[in-house]
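What follows is a single structure, written as structure tokens, with notes after it.
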Amino acid sequence: MTADHFFRRGLRPLLVFLFFFSLTSFSKSDELQPLLEFKSALQKSNPNVFSSWTPGNSTCSFSGIVCNSNGFVTEINLPQQNLSGVLPFDSICKLQVLEKLSLGFNFLHGGISEDLKNCTSLQQLDLGMNSFSGEVPDLSSLGKLKLLSLNTSGFSGQFPWRSLENLTSLTFLSLGDIVFEESPFPVEVLKLEKLYWLYLSNCSLGGRIPEGLGNLTLLENLELSCNQFSGEIPGDIVKLKNLWQLELFNNFLTGTLPVGFGNLTSLVNFDASGNSLQGNISEMRLLKNIASLQLYDNQFTGEIPEELGEFNKLVSFSIFGNKFTGPLPQKLGSGANFVFIDASDNFLTGPIPPDMCKNGKMTYLLLIQNGFTGGIPENYANCSSLRRLRVSNNSLSGLVPAGIWRLSNLSAIDLAMNNFEGTVPKTWAMGSSLLMIALSENQFQGQLPRSMANCTMLKYLDIGNFSSRLSVLQLQSNNFHGTIPKTWAKGSNLRMIDLSENQFQGELPRSMANCMKLEYLNVGNNQINDTFPFWLGALSQLKVLVVRSNVFQGAIKSPQINYTFPELHIIDLSQNNFSGILPTKYFQHWNAMKVVGAKKLKYMGLDLVPFTITLANKGTMLKYEKIPDVFRVIDFSSNRFEGQIPELVGSLKGLHSLNLSNNVLTSHIPPSLSNLTNLESMDLSQNKLFGEIPVQLAQLFSLEYFNVSNNCLTGPIPRGNQLDTFQNNSFGGNLGLCGSPLSKKCGDFKYTPTPPYPFEENQSLKSPFEFGWKVVAIGYGCRFVIGVVIGQIVIARKYGWFVKIFGKM
Ligand SMILES: *[C@@H]1O[C@H](CO)[C@@H](O)[C@H](O)[C@H]1NC(C)=O
Ligand SMILES: *[C@@H]1O[C@H](CO)[C@@H](O)[C@H](O)[C@H]1NC(C)=O
Ligand SMILES: *[C@@H]1O[C@H](CO)[C@@H](O)[C@H](O)[C@H]1NC(C)=O
Ligand SMILES: *[C@@H]1O[C@H](CO)[C@@H](O)[C@H](O)[C@H]1NC(C)=O
Ligand SMILES: *[C@@H]1O[C@H](CO)[C@@H](O)[C@H](O)[C@H]1NC(C)=O
Ligand SMILES: *[C@@H]1O[C@H](CO)[C@@H](O)[C@H](O)[C@H]1NC(C)=O
Ligand SMILES: *[C@@H]1O[C@H](CO)[C@@H](O)[C@H](O)[C@H]1NC(C)=O
Ligand SMILES: *[C@@H]1O[C@H](CO)[C@@H](O)[C@H](O)[C@H]1NC(C)=O
Ligand SMILES: *[C@@H]1O[C@H](CO)[C@@H](O)[C@H](O)[C@H]1NC(C)=O
Ligand SMILES: *[C@@H]1O[C@H](CO)[C@@H](O)[C@H](O)[C@H]1NC(C)=O
Ligand SMILES: *[C@@H]1O[C@H](CO)[C@@H](O)[C@H](O)[C@H]1NC(C)=O
Ligand SMILES: *[C@@H]1O[C@H](CO)[C@@H](O)[C@H](O)[C@H]1NC(C)=O
């Protein structure tokens, strides 16, 4: 006899009897004790909640308690009450008709005990957003459950997926944000035909998402993000006519969107970003109700369907990092609530759609790195809500609508790497929330408005006009000129200033020292006529100081107390008229240059922008798109420094590149340089150095470029290790040098052997120079020829948070 038979034939009367028995044997007053136990477990964390929970009051009047008409507790409702403690499930499950236990958004910890299995009347178990730990017990006895929410806790082990077979009444299942043991998609879920809510994001699930989800036709919300799902999106998902939210982001999904995807006409929120999906999105044209469409970081191709322009519910549209081509729909953004677009890093062309600012709500407009042409539409000047306008690295041209410079809510204006022209108006009046101005690599001209220097909120200023790219186009006469604005405000938040490659004249304004947070300063390639800016030495965060190729002059005196540039990583004084001895006293204080290696690979730059720089290294001018933070450089070349190379240079052990060439240095090469074990490039050429090359230099195992040519060195060239790899041109022009690789024989000089080569192949030893550089010129000497920049600047962005906010709207 099956259990079913038994139940139908014989057992029912018995059960009915038992039911009455239990009601009569379990009285209301028996519920007080379990509730008081519940109270005492949690009371400390929020006594107010429990002030009414006293024996003098009826249990049904306790706050958060709901009873049925017979006076039995059916609900405990205390979500979001800052409760912490360990839940006493043994007490709770003594409440025999408890249907709802709602304690979400608290700080409950400890485990969920096996006693939970006695809570057989439960229909809603709402414990999500707590700090539980331990394993989730078997739940198969809770056959009446309609809602099960355990998301976001520290559970461990495997979820008892098998229990779901018994929970056939479930409509709401939320098990996301729990680091379970890795498992495939739980097939038990596919039988829960009443589900309308399924949240399994961030749940350590892998393998394929199975066919069969399409049977759960009541599903309205399906979230499977942040797992390790691979393979294709199952085709039958398109049967989910009621689906309004589909989140699949951050998996390893491949293939195209399923055929018939356009049938999901209820979709309001679709996020498939961070996968490897491909193919076109033409079926999206049917999804008229979409408010948030997130497809970024995939490999989608083809054009954006024109119909998207008419989706008047669209709020957030993010497709960056794909391979879309063609124009954006010309009516895009005409809907009343459109606030966010990021179409960066695609192959989009054509004009910027003119209507995106019409609704007065547009906030983030990001079109970086595409092939957009034309200008910024005139009416964008009315875009008063705009906070980020970033259109760098396109082929935009023309004048910037004047009103753009007066948008008071802008926090970032990034027009870099286009062909914009005209001046920045004197009436520049951008608001106090400005964090970034990037106008580099355009054809702007005229003087800078004085008020630009007084943007106290500003963190990043890049008006380094024509790049080497444009210098090839001979646009020198179209540059910013005049003096650098003088009134740099106290309390400034500026962290990066790049004014390089313009025609600025006059002095460096002393008020720049007001920018106490400055980390990066590049005024290279201008006509600044000044002495060494020792007064910047007080800036305790200053990492990079580049004044290359200006008319700086005079000696560098000993540092004053507290003016020592303590955080310098990169200093480039090359191609000026500095004279006198090398600034030995500073070397003592440059502690950041003495640090070897780094715990974690990190790049220079700020949240919005990486720091890029052109530097001489290994005999070549290189444009670095990303600079590892460990990078340490001294370039004093092409000045009139004289006297000795101090022993102390050998203490700057973090140095990767040392360039003292083309000065008037007269000394031995100090053996202490052999302590610069990170050094990859050493250029001492074109000086008046004499004596022998120290044999100790053979210990510089990282050295890849070595140049002591055109000095007065004598004696045998030491051999061993890296030194054996350098050619004639490293040593030429020293009449007294002899031995290989020079043809001159050494005669009596004795060859000193050097220690064996200890280098091991190891990826982690990879040179920071290997990262992100592009050759911009070759043939570095006293005069160098600027070549053509190859490749584009990689723009790092950090607004995942923003996308998420809108993803949830
Ligand atoms: C009953 O609860 C109320 C708050 O709801 C509280 O003010 C009152 O003191 C309680 N009565 C007793 C006897 O504890
Ligand atoms: C919970 O704690 C937060 C922060 O202390 C407080 O703002 C909030 O009012 C508390 N909520 C309750 C219900 O006590
Ligand atoms: C749970 O129920 C079992 C029998 O079904 C009983 O033996 C046990 O004592 C109960 N546990 C609690 C804590 O009430
Ligand atoms: C997470 O848990 C809370 C509390 O149980 C619930 O309200 C919320 O809907 C859950 N989140 C998701 C995405 O399912
Ligand atoms: C789960 O369901 C099966 C079949 O419906 C039943 O035999 C079993 O007793 C249930 N398990 C529990 C613990 O209720
Ligand atoms: C995933 O869940 C874990 C554990 O709850 C949590 O720490 C982490 O922040 C979640 N990750 C995401 C991306 O939500
Ligand atoms: C989905 O439903 C079809 C037809 O009702 C059935 O044949 C199939 O087995 C179901 N799939 C799953 C995984 O339950
Ligand atoms: C989409 O819906 C149409 C009409 O309801 C139907 O004919 C078609 O088969 C559906 N396509 C898919 C792939 O389900
Ligand atoms: C900067 O602007 C503020 C407010 O507009 C003003 O009070 C301050 O004097 C200005 N500072 C300088 C150095 O111009
Ligand atoms: C630099 O300034 C000094 C004095 O201010 C002046 O004598 C000199 O001619 C200037 N040099 C150049 C190259 O402009
Ligand atoms: C140097 O800085 C220290 C600490 O900020 C300060 O106490 C000292 O007065 C400063 N010395 C000079 C000469 O400014
Ligand atoms: C190299 O550094 C060590 C200590 O770090 C020091 O003892 C030694 O004198 C230095 N070598 C030279 C040649 O300066």
Side-chain angles (χ1 to χ4, degrees), residues 2-7 87 89-90 92-93 98-101 103-104 110-128 130 132-219 221-231 234 236-237 251:
T2 65
D4 214 26
H5 259 96
F6 184 70
F7 182 81
L87 279 186
F89 283 96
D90 52 346
I92 293 169
C93 295
L98 188 67
E99 292 171 0
K100 178 175 179 188
L101 180 60
L103 295 168
I112 293 184
S113 74
E114 295 282 346
D115 296 311
L116 175 62
K117 68 173 184 290
N118 284 10
C119 276
T120 50
S121 302
L122 270 184
Q123 297 179 16
Q124 301 188 36
L125 182 58
D126 173 9
L127 299 178
N130 278 291
F132 293 109
S133 56
E135 301 206 10
V136 179
D138 184 85
L139 303 170
S140 13
S141 61
L142 309 184
K144 293 184 178 160
L145 270 189
K146 292 179 179 159
L147 178 148
L148 175 58
S149 179
L150 297 176
N151 71 62
T152 322
S153 264
F155 293 115
S156 55
Q158 188 67 266
F159 183 83
W161 298 113
R162 291 295 296 276
S163 323
L164 294 180
E165 285 175 3
N166 281 38
L167 309 187
T168 50
S169 302
L170 274 182
T171 61
F172 185 108
L173 180 58
S174 174
L175 299 173
D177 300 322
I178 303 175
V179 185
F180 290 123
E181 269 168 26
E182 243 180 272
S183 91
F185 187 97
V187 288
E188 293 82 0
V189 168
L190 302 177
K191 295 278 192 298
L192 303 175
E193 289 180 356
K194 295 179 179 154
L195 277 187
Y196 77 90
W197 185 282
L198 181 57
Y199 179 57
L200 293 176
S201 293
N202 189 13
C203 217
S204 328
L205 300 175
R208 298 179 74 103
I209 302 173
E211 296 278 342
L213 276 171
N215 285 9
L216 309 181
T217 49
L218 300 179
L219 268 186
N221 178 34
L222 176 56
E223 297 183 63
L224 302 175
S225 309
C226 301
N227 284 295
Q228 277 102 53
F229 289 124
S230 55
D236 69 347
I237 216 169
N251 280 292

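- Taking NZ of K194 as the start and NZ of K146 as the end, the distance is 8.5 Å to the nearest 0.5 Å.
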List the steps and the verdict of side-chain contact (heavy atoms from CB on, under 4.5 Å) for L127 and S149. CA-CA 6 Å; L127 299 178; S149 179; over 6 Å; no
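- Annotation: the span from L98 atom CG to Q124 atom CD amounts to 10.5 Å, rounded to 0.5 Å.
- For K100, the side chain to side chain donor-acceptor pair (under 3.5 Å) criterion is met by N77, not counting sequence neighbours.
- Under the 3.5 Å distance criterion, the side-chain polar atoms of N227 are matched with a main-chain donor or acceptor of L200.
- The minimum heavy-atom distance linking G143 with S169 is given by the pair O-OG, 3.8 Å.
- For N202, the side chain to side chain contact (heavy atoms under 4.5 Å, CB included) test picks out D177, C226, with sequence neighbours left out.
- E188 meets the side chain to side chain contact (heavy atoms under 4.5 Å, CB included) test with W161, R162, L164, E165, P186; sequence neighbours excluded.
- Remark: N215 CG to K191 NZ distance equals 8.5 Å, nearest 0.5 Å.
- Every residue two or more places apart in sequence or in another chain was checked for a ring pair (Phe, Tyr, Trp, His ring centres under 6.0 Å) with F185, and none qualifies.
- When all heavy atoms are compared, the tightest approach of I178 to F155 is CG2-CB, 3.6 Å.
- L173 contributes atom CG, which lies 11.5 Å from atom CH2 of W197 (distance to the nearest 0.5 angstrom).
- Heavy-atom minimum distance, L142 versus L116: CD2-O, 3.6 Å.
- Looking at residues two or more places apart in sequence or on another chain, you find a side chain to side chain contact (heavy atoms under 4.5 Å, CB included) between P160 and V136, S163.
- The distance from the CG atom of L147 to the CG atom of L122 is 10.5 Å, given to the nearest 0.5 Å.
- With sequence neighbours excluded, the residues satisfying side chain to side chain contact (heavy atoms under 4.5 Å, CB included) with T120 are S141.
- Side-chain contact between L190 and P210 is present, with heavy atoms from C-beta onward closer than 4.5 Å.
- Counting only distance, with no hydrogens or angles, the side chain of N130 and the backbone of G128 share a donor-acceptor pair below 3.5 Å.
- The two atoms that bring L224 and S201 nearest to each other are N-OG, 3.6 Å, heavy atoms only.
- Taken to the nearest 0.5 Å, the CG atom of L192 stands 11.5 Å off from the CG atom of L218.
- S113 and F89 get closest at one heavy-atom pair: OG-CB, 3.4 Å.
- With E211 contributing its side chain and D236 its backbone, the two residues share a donor-acceptor pair below 3.5 Å.
- Of all the heavy atoms in F180 and C203, the pair that sits closest is CD1-SG, 3.9 Å.
- Just one of L150, L87, L125, L139 meets the side chain to side chain contact (heavy atoms under 4.5 Å, CB included) condition when paired with I112; it is L150.
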